[in-house]
Engineer: 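Supplied in structure tokens, the structure appears directly below.
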Amino acid sequence: GVEVGPQPQGVARADILDKMRKIVKHGLDFVQLFNEGKEFPPCTIEVFKIMEKVDYPRNKNGEIIAIIHPKLQDQDWQPLKNGDPLFLTLDGEVIPYQGNCTVYPTFINEAAYYEKKQAFVKTEKIKLTAKHLRSSVS
């Protein structure tokens with residue numbers, strides 16, 4: 001499956017549809033070239049590995065007591081460092097990120113994840129290296 005976004009639930013956006021078509025086309029092109037015996041050289045790529053899901057701050061009754069800080073909103077895949085604003089309480093108090101390493105949040109404040117108690121997902125940026133690849137079919 002391919003998920004391309006972000007976009008609100010129930011909304012069809014032309015720019016997102018175009019991105020989805022392009023990635024599916026690249027995938028199909030790869031399959032065709034692989035099946036034709038093309039050799040792909042080794043490569044390294046940066047990816048984001050999920051570390052953990054982070055919930056909203058809640059009171060003892062399980063009610064959300066803070067929202068995503070405006071400086072974090074719409075900053076998916078951007079570095080979040082120790083001390084950066086993370087949440088904003090309804091009283092206006094800033095709750096900073098407290099971590100020992102830079103993380104890259106994603107799925108920030110997505111409506112589909114409220115019921116799953118997920119304010120965002122913390123990821124780390126890592127590099128993956130792939131060896132050369134070639135079909136063994138002649």
Side-chain angles (χ1 to χ4, degrees):
V2 175
E3 181 178 345
V4 181
Q7 68 178 5
Q9 294 173 305
V11 174
R13 289 182 39 173
D15 60 332
I16 301 297
L17 180 60
D18 184 55
K19 288 178 183 179
M20 187 265 316
R21 284 182 175 141
K22 286 178 181 173
I23 194 69
V24 169
K25 182 184 178 317
H26 285 303
L28 293 172
D29 289 345
F30 170 81
V31 169
Q32 180 177 350
L33 292 169
F34 180 79
N35 287 341
E36 291 172 356
K38 177 172 175 56
E39 183 169 347
F40 295 89
C43 66
T44 301
I45 186 171
E46 285 187 340
V47 299
F48 295 89
K49 180 180 176 184
I50 293 175
M51 298 169 67
E52 68 178 302
K53 296 174 183 175
V54 178
D55 192 7
Y56 293 89
R58 295 178 184 271
N59 64 18
K60 62 182 178 179
N61 297 325
E63 299 163 327
I64 294 174
I65 59 170
I67 58 175
I68 294 292
H69 192 281
K71 290 186 178 179
L72 180 61
Q73 185 64 51
D74 301 320
Q75 296 301 308
D76 294 75
W77 313 110
Q78 300 304 310
L80 180 66
K81 299 180 285 280
N82 188 44
D84 286 348
L86 189 58
F87 295 106
L88 185 64
T89 69
L90 302 179
D91 296 332
E93 178 187 341
V94 174
I95 301 173
Y97 171 63
Q98 296 177 344
N100 54 9
C101 66
T102 298
V103 296
Y104 298 82
T106 189
F107 303 112
I108 300 169
N109 202 24
E110 295 259 350
Y113 297 115
Y114 272 59
E115 66 189 37
K116 296 178 180 169
K117 297 184 176 182
Q118 181 179 313
F120 64 93
V121 174
K122 282 196 315 190
T123 69
E124 62 180 329
K125 190 186 293 189
I126 62 172
K127 289 185 179 185
L128 295 179
T129 301
K131 298 177 181 177
H132 78 281
L133 180 65
R134 185 176 189 173
S135 173
S136 60
V137 178
S138 301

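Keep in mind the model is a prediction, meaning the values are calculated, not measured.
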Engineer: Run the side-chain contact (heavy atoms from CB on, under 4.5 Å) test on Tyr56 and Ile68 for me, step by step, so that the C-alpha distance in whole Å, both residues' side-chain angles and the decisive distance to 0.1 Å come before the verdict.
Structural biologist: CA-CA 8 Å; Tyr56 293 89; Ile68 294 292; 4.0 Å; yes
Engineer: Excluding sequence neighbours, so at least two apart, what forms salt bridge (Lys or Arg N to Asp or Glu O under 4.0 Å) with Lys53?
Structural biologist: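 Salt bridge (Lys or Arg N to Asp or Glu O under 4.0 Å) list for Lys53, sorted by chain: empty.
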Engineer: Look up atom CG in Asp84 and atom CD in Gln78, then write down how far apart they are to the nearest 0.5 Å.
Structural biologist: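 So the CG of Asp84 and the CD of Gln78 are separated by 11.5 Å.
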Engineer: For residues 87-99, which side-chain donor-acceptor pairs fall under 3.5 Å, sequence neighbours excluded?
Structural biologist:
| from | atom 1 | to | atom 2 | distance (Å) |
| --- | --- | --- | --- | --- |
| Thr89 | OG1 | Asp91 | N | 3.3 |
| Thr89 | OG1 | Gly92 | N | 3.3 |
| Thr89 | OG1 | Glu93 | N | 2.9 |
| Tyr97 | OH | Cys101 | O | 3.2 |

Engineer: Drop me the distance from Gln118's CD to Phe120's CZ, to the nearest 0.5 angstrom.
Structural biologist: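 So the gap between those two atoms works out to 9.5 Å.
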Engineer: Which pairs count as side-chain hydrogen bond (donor to acceptor under 3.5 Å, both in side chains) when at least one residue sits in residues 62-73, sequence neighbours excluded?
Structural biologist: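 Applying side-chain hydrogen bond (donor to acceptor under 3.5 Å, both in side chains) to every pair that reaches into residues 62-73, excluding sequence neighbours, yields Asn59-Glu63, Gln73-Asn109.
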Engineer: For Lys25, give me all partners under side-chain hydrogen bond (donor to acceptor under 3.5 Å, both in side chains), at least two apart in sequence or on another chain.
Structural biologist: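 For Lys25 the side-chain hydrogen bond (donor to acceptor under 3.5 Å, both in side chains) partners, ignoring immediate neighbours, are Asp29.
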Engineer: Nearest 0.5 Å, what's the CD1-CG distance between Ile23 and Leu28?
Structural biologist: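 Rounded to the nearest 0.5 Å, the CD1-CG separation comes out at 10.5 Å.
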Engineer: Answer yes or no: does atom CG of Leu133 have more than 12 heavy-atom neighbours from other residues, nucleotides or ligands under 6.0 Å?
Structural biologist: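 For Leu133, atom CG is crowded (more than 12 foreign heavy atoms under 6.0 Å).
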Engineer: The criterion is side-chain hydrogen bond (donor to acceptor under 3.5 Å, both in side chains); which residues satisfy it with Arg58, sequence neighbours excluded?
Structural biologist: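 Counting only residues at least two positions away or on another chain, Arg58 forms a side-chain hydrogen bond (donor to acceptor under 3.5 Å, both in side chains) with Asp55.
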Engineer: Can you give each donor-acceptor pair under 3.5 Å made by side-chain atoms of residues 39-52, sequence neighbours left out, with the distance rounded to 0.1 Å?
Structural biologist:
| from | atom 1 | to | atom 2 | distance (Å) |
| --- | --- | --- | --- | --- |
| Thr44 | OG1 | Thr129 | OG1 | 3.2 |
| Glu52 | OE2 | Lys122 | NZ | 2.9 |

Engineer: Run the side-chain contact (heavy atoms from CB on, under 4.5 Å) test on Arg21 and Leu17 for me, step by step, so that the C-alpha distance in whole Å, both residues' side-chain angles and the decisive distance to 0.1 Å come before the verdict.
Structural biologist: CA-CA 6 Å; Arg21 284 182 175 141; Leu17 180 60; 3.7 Å; yes
Engineer: Would you say Asn61 has more than 12 foreign heavy atoms packed within less than 6.0 Å of its CG?
Structural biologist: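 For Asn61, atom CG is crowded (more than 12 foreign heavy atoms under 6.0 Å).
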Engineer: Quickly, which of Thr123, Leu72, Val121 forms a side chain to side chain contact (heavy atoms under 4.5 Å, CB included) with Pro105? Name it, please.
Structural biologist: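 Of the listed residues Thr123, Leu72, Val121, the side chain to side chain contact (heavy atoms under 4.5 Å, CB included) partner of Pro105 is Leu72.
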Engineer: Could you check whether atom CD of Glu36 has more than 12 heavy atoms from other residues, nucleotides or ligands sitting under 6.0 Å from it?
Structural biologist: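 Yes, because the 6.0 Å sphere around CD of Glu36 holds more than 12 heavy atoms from other groups.
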Engineer: To the nearest 0.5 Å, how far apart are CG in Leu86 and CD1 in Ile108?
Structural biologist: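 Rounded to the nearest 0.5 Å, the CG-CD1 separation comes out at 9.0 Å.
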Engineer: Identify whether the distance between the nearest side-chain nitrogen and carboxylate oxygen of Asp15 and Lys19 falls below 4.0 Å.
Structural biologist: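 Not counted as a salt bridge, because no side-chain N and carboxylate O are separated by less than 4.0 Å.
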